[in-house]
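All values below come from the heavy atoms of this structure, side chains included, with hydrogens, waters and symmetry mates left out.
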Amino acid sequence: REVEIVRSDLAELDTAPQELGFATCEDGYAWCLLFLAASDRDAAHVAEVANYTVWDAWAEACGNPPGIREFCGYQFGIAKRVIAEHLADDVAAEV
């Protein structure tokens, strides 16, 4: 269910990214979607929307138990910092 929500939300963006791939681990618990943004500028926006959507979809799939939104907010913050560091490293490598 989470993957459907992420795909749908990203498809609604003005500059929707192209899906390049999808895979799950052997037991189906973990999954990965790979997208290509139209430009570097769009990449940051796509990453932000995807990050938020993944955690929102996960909470929905879990039935939104008490405390899950706080947990998702915490996880979102961690992922946002990692994404920002990665994008900064990419920019620095191009200079």
Side-chain angles (χ1 to χ4, degrees):
R1 175 83 180 116
E2 296 102 320
V3 175
E4 293 171 16
I5 295 169
V6 173
R7 283 178 169 148
S8 174
D9 284 2
L10 291 178
E12 292 177 10
L13 294 176
D14 290 337
T15 54
Q18 175 187 0
E19 184 176 329
L20 299 177
F22 171 76
T24 62
C25 63
E26 288 183 20
D27 65 5
Y29 179 76
W31 53 268
C32 177
L33 276 170
L34 179 63
F35 286 95
L36 176 64
S39 69
D40 288 344
R41 190 176 126 271
D42 291 338
H45 180 64
V46 169
E48 180 88 10
V49 172
N51 185 19
Y52 175 81
T53 302
V54 164
W55 290 110
D56 192 54
W58 182 76
E60 184 179 324
C62 291
N64 289 309
I68 197 151
R69 292 293 168 179
E70 292 80 9
F71 175 77
C72 288
Y74 176 75
Q75 295 290 65
F76 174 84
I78 292 171
K80 185 174 181 173
R81 285 189 299 277
V82 171
I83 291 166
E85 289 172 10
H86 176 73
L87 291 174
D89 288 345
D90 284 352
V91 170
E94 292 176 7
V95 175

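Remark: Leu13 engages Leu10, Pro17, His45, Val46, Val49 in a side chain to side chain contact (heavy atoms under 4.5 Å, CB included) (not counting sequence neighbours).
Listed by first and then second residue, the ring pair (Phe, Tyr, Trp, His ring centres under 6.0 Å) pairs involving residues 57-83 are Trp55-Trp58, Trp58-Phe71 (not counting sequence neighbours).
In this structure, Trp31 and Thr24 approach most closely via the heavy-atom pair CB-CG2, 4.0 Å. The shortest non-hydrogen separation linking Ala16 to Ala11 is CB-O, 3.8 Å. Scanning all heavy atoms of the two residues, the minimum distance from Asn51 to Lys80 falls at ND2-N, 3.4 Å.
In this structure the side chain of Val54 never reaches within 4.5 angstrom of the side chain of Glu2, judged on heavy atoms. Side-chain contact between Leu36 and Glu19 is absent, with no heavy-atom pair separated by less than 4.5 Å.
Note that the CG atom of Asn64 and the CG atom of Asp56 stand 7.5 Å from one another [nearest 0.5 Å]. The CZ atom of Arg7 sits 13.5 Å away from atom OG1 of Thr53, with the distance rounded to the nearest 0.5 Å.
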Run Val3 and Leu33 through side chain to side chain contact (heavy atoms under 4.5 Å, CB included) and show every step you take.
CA-CA 8 Å; Val3 175; Leu33 276 170; 4.1 Å; yes

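Placement of Phe35 and Ile83 in two distinct hydrophobic clusters is found when ILVMFWY residues are connected by side-chain heavy-atom separations under 4.5 Å, directly or transitively.
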